[in-house]
**Student:** 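Starting off with a structure, shown below.
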Amino acid sequence: MFIYDDNFLSLDQILKVSQTVTKNNKNIIWHTLKNTSGILQYPKIKDNNITISEDEQHSHAGSFNKTRLSEIHDIGNNILQTFAKKHGIEIKETLRIKANILNKTNKQDHIHPPHVDMNIPHMVLLYYVNDSDGDTIIFNEKYCSEETPMLTVDKVITPRAGSAIIFDGLTYHSSSSPKNTKERIVLNINWN
């Protein structure tokens with residue numbers, strides 16, 4: 001399953017999320033990480049023109065293991081419930097909600113390591129807080145503990161403020177840092 005929707009929140013809701021999920025919000029503590037996924041060994045990509053490398057990422061956990069940690073949980077949960085209601089999707093439980101910020105980079109033709117957020121069945125909703133050229137890449141292949149597949153690109157999604165995608169969480173995906181915009185801000189919601 002893959003769904004893209006750029007018309008499920010009101011303009012007021014989009015602006016409220018944008019004003020809340022920012023480095024300037026003193027209520028949100030951002031942690032600077034040396035990488036985006038922490039993965040050392042990852043699948044290879046069939047396209048030789050794509051380079052895989054890491055970038056620094058700012059991250060904030062809104063909830064983890066069903067425990068609310070900050071207001072980001074409430075915002076993310078509202079986004080998930082609104083999206084699910086519009087598309088007739090049942091939500092059993094929210095597993096994790098976090099916000100990520102990637103800053104502008106000089107690197108060309110590079111993406112971050114392909115990964116899955118969890119190695120158990122789950123779904124992913126990525127909500128794009130701002131317009132950015134830091135694309136999300138969705139691959140055709142899914143995680144399997146027995147083998148590491150050669151990956152082929154299925155979809156490339158350019159972040160647009162107020163848009164979101166959902167997909168099977170066992171599908172390999174990658175983020176990328178913006179090259180033209182200041183930053184890429186995303187809410188990452190894992191659920192089943």
**Student:** Side chains of Ser59 and His31: any donor to acceptor distance under 3.5 Å?
**Tutor:**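 No pair is found: no donor N or O on one side chain lies under 3.5 Å from an acceptor on the other.
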**Student:** Report the C-alpha separation of Thr20 and Glu71 in whole Å, then their side-chain angles, then the decisive distance to 0.1 Å, and conclude whether the side-chain contact (heavy atoms from CB on, under 4.5 Å) test is met.
**Tutor:** CA-CA 9 Å; Thr20 304; Glu71 65 184 299; 3.4 Å; yes
**Student:** Would Thr94 and Asn77 count as a side-chain contact (heavy atoms from CB on, under 4.5 Å) if you check the C-alpha gap in whole Å, the side-chain angles of each, and the deciding distance to 0.1 Å?
**Tutor:** CA-CA 8 Å; Thr94 303; Asn77 196 49; 3.4 Å; yes
**Student:** To the nearest 0.5 Å, tell me how far Ile72 CD1 sits from His60 NE2.
**Tutor:**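 Separation between the atoms: 5.0 Å.
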**Student:** Distance check, rounded to the nearest 0.5 Å: Asp74 atom CG versus Arg68 atom CZ?
**Tutor:**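 Going from the CG atom of Asp74 to the CZ atom of Arg68 covers 4.0 Å.
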**Student:** Would you say NZ of Lys86 has more than 12 non-hydrogen atoms from neighbouring residues, nucleotides or ligands within 6.0 angstrom?
**Tutor:**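 Yes, NZ of Lys86 has more than 12 neighbouring heavy atoms, counting only those of other groups under 6.0 Å.
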**Student:** Under 4.5 Å between side-chain heavy atoms, counting indirect links through other Ile/Leu/Val/Met/Phe/Trp/Tyr residues: same cluster for Ile14 and Val21 or not?
**Tutor:**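 Yes; tracing contacts between hydrophobic side chains, which count when under 4.5 Å, links both residues.
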**Student:** Please assess Thr67 against Arg96 for the test side-chain hydrogen bond (donor to acceptor under 3.5 Å, both in side chains), listing each intermediate value before the final yes or no.
**Tutor:** CA-CA 8 Å; Thr67 303; Arg96 179 184 76 169; over 6 Å; no
**Student:** What are the two closest heavy atoms between Phe8 and Thr82, and how far apart are they?
**Tutor:**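 Heavy-atom minimum between the residues: O-CG2, 3.3 Å.
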**Student:** Can you spot which of Arg184, Lys107, Lys179, Lys104 makes a salt bridge (Lys or Arg N to Asp or Glu O under 4.0 Å) with Asp55?
**Tutor:**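 The passing option is Lys107.
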**Student:** Apply the test side-chain contact (heavy atoms from CB on, under 4.5 Å) to residues Ser37 and Glu54: give CA-CA distance (whole Å), side-chain angles for both, the deciding distance (0.1 Å), then the verdict.
**Tutor:** CA-CA 8 Å; Ser37 65; Glu54 280 287 11; 3.3 Å; yes
**Student:** Are a donor atom and an acceptor atom from the side chains of His110 and Thr51 found within less than 3.5 Å of each other?
**Tutor:**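 Side-chain D/A pair, His110 to Thr51: absent.
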**Student:** Determine whether a donor-acceptor pair (N or O, by modelled atom type, separation under 3.5 Å) exists between the side chain of Thr181 and the backbone of Pro178.
**Tutor:**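 It does not hold such a pair.
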**Student:** Run the side-chain contact (heavy atoms from CB on, under 4.5 Å) test against Lys46 and tell me which residues pass, sequence neighbours left out.
**Tutor:**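 Lys46 satisfies side-chain contact (heavy atoms from CB on, under 4.5 Å) with Met150, Thr152 once adjacent residues are dropped.
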**Student:** Which heavy atom of Pro159 sits nearest to which heavy atom of Gly134, and what is that distance?
**Tutor:**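 Heavy atoms only, the tightest pair is CG-O, 3.1 Å.
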**Student:** Please determine whether side-chain contact (heavy atoms from CB on, under 4.5 Å) holds for the pair Ile89 and Trp191, giving the CA-CA distance in whole Å, both sets of side-chain angles, and the decisive distance to 0.1 Å.
**Tutor:** CA-CA 11 Å; Ile89 299 168; Trp191 53 278; 3.4 Å; yes
**Student:** Once rounded to the nearest 0.5 Å, what's the spacing between atom CG of Leu151 and atom CD1 of Ile45?
**Tutor:**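 Rounded to the nearest 0.5 Å, the CG-CD1 separation comes out at 6.0 Å.
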**Student:** Between Val129, Leu102, Val17, Asp131, which is the residue that forms a side chain to side chain contact (heavy atoms under 4.5 Å, CB included) with Ile185?
**Tutor:**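 Result for side chain to side chain contact (heavy atoms under 4.5 Å, CB included) with Ile185: Val129.
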**Student:** Should Val116 and Leu125 be counted in the same cluster of Ile, Leu, Val, Met, Phe, Trp and Tyr side chains packed under 4.5 Å apart?
**Tutor:**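 No, it is not one cluster - the side chains of Val116 and Leu125 are not joined through contacts under 4.5 Å.
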**Student:** Consider only side-chain N and O atoms of Asn100 and His58, and report whether a donor and an acceptor are under 3.5 Å apart.
**Tutor:**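 Side-chain D/A pair, Asn100 to His58: absent.
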**Student:** Step by step, work out the salt bridge (Lys or Arg N to Asp or Glu O under 4.0 Å) result for Glu93 and Lys66.
**Tutor:** CA-CA 8 Å; Glu93 62 183 343; Lys66 306 174 207 169; 2.9 Å; yes
**Student:** Pick one: which of Ile166, Leu9, Leu80 meets side chain to side chain contact (heavy atoms under 4.5 Å, CB included) with Tyr127?
**Tutor:**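 That would be Leu9.
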**Student:** Run the side-chain hydrogen bond (donor to acceptor under 3.5 Å, both in side chains) test on Asn103 and Lys23 for me, step by step, so that the C-alpha distance in whole Å, both residues' side-chain angles and the decisive distance to 0.1 Å come before the verdict.
**Tutor:** CA-CA 11 Å; Asn103 294 322; Lys23 280 195 239 178; 3.3 Å; yes
**Student:** Working to the nearest 0.5 angstrom, can you tell me the gap between Asp117 CG and His115 NE2?
**Tutor:**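 Here the rounded value is 4.5 Å.
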**Student:** Please report the interatomic distance NZ(Lys44) to CD1(Ile50), rounded to the nearest 0.5 Å.
**Tutor:**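 Spacing of NZ (Lys44) from CD1 (Ile50) equals 13.5 Å.
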**Student:** Using a 4.5 Å cut-off between side-chain heavy atoms of Ile, Leu, Val, Met, Phe, Trp and Tyr, which other residues end up in the same hydrophobic cluster as Leu126?
**Tutor:**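 Via sub-4.5 Å side-chain contacts, Leu126 links to Phe2, Tyr4, Val124, Tyr128, Ile138, Ile157, Ile165, Phe167, Val186.
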**Student:** For Asn119, check side-chain contact (heavy atoms from CB on, under 4.5 Å) against everything at least two apart and list the hits.
**Tutor:**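 Result, side-chain contact (heavy atoms from CB on, under 4.5 Å) vs Asn119: Tyr143.
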**Student:** Does any donor atom in the side chain of Ser53 or His112 lie under 3.5 Å from an acceptor atom in the other side chain?
**Tutor:**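 On atom types as modelled, these side chains do not qualify, holding no pair under 3.5 Å.
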**Student:** Return the CG to NZ distance between Leu170 and Lys142, rounded to the nearest 0.5 Å.
**Tutor:**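 Those atoms lie 7.0 Å apart.
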**Student:** Could you see if Phe83 belongs to whatever hydrophobic cluster contains Met1? Use Ile, Leu, Val, Met, Phe, Trp, Tyr and a side-chain cutoff under 4.5 Å.
**Tutor:**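 Yes, same cluster.
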**Student:** Determine the minimum heavy-atom distance between Ser132 and Thr158, stating which atoms define it.
**Tutor:**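 So the minimum-distance heavy-atom pair works out to O-CG2, 3.3 Å.
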**Student:** Show the nearest heavy-atom pair for residues Pro149 and Pro43, with the distance to one decimal.
**Tutor:**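 Where Pro149 meets Pro43 most closely, the heavy atoms are O-CB, 3.4 Å.
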**Student:** Less than 3.5 Å apart, any donor N or O on the side chain of Thr36 or Ser175 sitting next to an acceptor on the other?
**Tutor:**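 Per modelled atom types, Thr36 and Ser175 side chains form no pair under 3.5 Å.
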